[in-house]
Visitor: 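Have a look at this one.
Numbers restart at 1 for each chain; the letters A, B, ... are given by sequence-line order, proteins then strands. Atom set for the values below is all heavy atoms of this structure, side chains included, hydrogens, waters and symmetry mates excluded.
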Number of protein chains: 2
Amino acid sequence: MVSSTKGRYALRVLIDIAENSHGEYIAMKDVAARQEISLKYMEKIMPVLVSHDLVESSHGKGGGYRLSHDPSEYRVGEILRLTEGDIAPVACLQTDAAECGRNAYCRTLPMWTELNRRISEYLDSVTIADLMQAPDMKQPPVTE
Amino acid sequence: MVSSTKGRYALRVLIDIAENSHGEYIAMKDVAARQEISLKYMEKIMPVLVSHDLVESSHGKGGGYRLSHDPSEYRVGEILRLTEGDIAPVACLQTDAAECGRNAYCRTLPMWTELNRRISEYLDSVTIADLMQAPDMKQPPVTE
DNA sequence: TATTCTACCTACCAAAGTGGTAGGTTAATT
DNA sequence: AATTAACCTACCACTTTGGTAGGTAGAATA
């Protein structure tokens, strides 16, 4: 699996902030309701985005999160790498992977490397701006 | 992770059979030694390949496995789908996935769908024949 | 100053998946 | 009959996933 809920939720939250906060801070309570994601679970994902300066936070009333940059500057691959740790399709290509020892004569390594390259290339070609509300898309219902 | 050891081992075993058995049955003991894979673990993977007619087996002395078809007829995507169950990069695209309910307004679904398409397209474009020993490749050492 | 709202931090946890091991049974060959 | 090798079933330790619970810290407002 390239992406677990962690990375996917992070993406959806960023898109939600991009669409609904207009430069203002937006409370996670609202995002969680719209995205139907557990608030508590989201709270575990957000600090990662803060520490890498993807979003800025403010405590207290009227606080919440807002984007640090323009939506067009957020590459999906980058977001997934931060939240998932790695997006390599196989264990032996992960950045923390131990040397296999069989690399010199591994028949499949070149294929995995090429697959990895194609996945990264595609995910890095898509930005948050690309994923924002298309004209023909409905807004999600606000379920309280 | 698109592929766990199950799928990767299946691939390596099929390539090993393609390279080393020449139409003859080949014992898993030998493949396991060359590929440095636990024989017992391999034994759990092989029956899947038999039941889908990728390989044929024979019991007893001089028995083992051999390919049912020409190496060029084995697509990597097909092998991974059999052994992994699914190669979708995200849970909501798996064949057994429950309807999300948010699909109509999910901003990320089209991207995941396209990523899934690209992964499948690439993996289905590679065959076992493509992965067999290149001229500049060493044979793995036979570790007893 | 007290209250309220919100981010943030820590600990815990159930379920599923991963990557095996162990031991025995069946079938084919010598 | 003995040997060899596939095959079947059960078990298991470890990690990841996807959370929940409860409390703390900081900022705004009344």
Visitor: Determine whether Val2(B) and Val90(A) make a side-chain contact, defined as any pair of heavy atoms from C-beta on separated by less than 4.5 Å.
Guide: no

Visitor: Atom NE2 of His59(A) and atom P of dA27(D): how far apart are they, to the nearest Å?
Guide: 7 Å

Visitor: Take atom OH of Tyr41(B) and atom P of dT21(C), then tell me their distance rounded to the nearest Å.
Guide: 10 Å

Visitor: Could you check if a side-chain atom of Ser3(B) sits within less than 4.5 angstrom of a side-chain atom of Trp112(A), using non-hydrogen atoms only?
Guide: yes

Visitor: I want to check one thing: is the phosphate of dG18(D), taken as OP1 and OP2, less than 4.0 Å away from some side-chain N or O of Thr5(A)?
Guide: yes

Visitor: Starting at the 5' end of DNA chain D, which residue's closest nucleotide do you reach first, Ile26(B) or Gly60(A)?
Guide: Ile26(B)

Visitor: Taking the side chain as every heavy atom from C-beta outward, state whether Arg8(A) and Thr108(B) have any pair of such atoms under 4.5 Å apart.
Guide: no

Visitor: Please report, rounded to the nearest Å, how far the P atom of dC7(D) is from the NZ atom of Lys29(B).
Guide: 16 Å

Visitor: Does a nitrogen or oxygen in the side chain of Tyr65(B) sit under 4.0 Å from OP1 or OP2 of dC7(D)?
Guide: yes

Visitor: Write down the distance between CE (Met28(A)) and P (dG26(D)), rounded to a whole number of angstrom.
Guide: 20 Å

Visitor: If I take atom CG in residue Asp30(B) and atom P in nucleotide dT4(D), what distance separates them, rounded to the nearest angstrom?
Guide: 13 Å

Visitor: How many Å lie between NZ on Lys44(B) and C1' on dA22(C), as a whole number?
Guide: 12 Å

Visitor: Side chain of Lys40(B), base of dG23(C): donor and acceptor closer than 3.5 Å?
Guide: yes

Visitor: Begin with the C-alpha distance, continue with both residues' side-chain angles, and end with the deciding distance and a verdict on side chain to side chain contact (heavy atoms under 4.5 Å, CB included) for Arg102(B) and Gln35(A).
Guide: CA-CA 9 Å; Arg102(B) 302 184 53 83; Gln35(A) 296 296 323; 3.4 Å; yes

Visitor: Starting from the 5' end of DNA chain C, give me the residue, Glu43(A) or Ser38(B), whose nearest nucleotide shows up first.
Guide: Glu43(A)

Visitor: If each of Ala27(B) and Ser4(A) is mapped to the nucleotide of DNA chain D with the nearest heavy atom, which maps nearer the 5' terminus, i.e. the 5' end?
Guide: Ala27(B)

Visitor: Send over the distance from Tyr25(A) OH to dA7(C) P, rounded to a whole Å.
Guide: 11 Å

Visitor: Please report, rounded to the nearest Å, how far the P atom of dG26(D) is from the CD atom of Glu56(A).
Guide: 19 Å

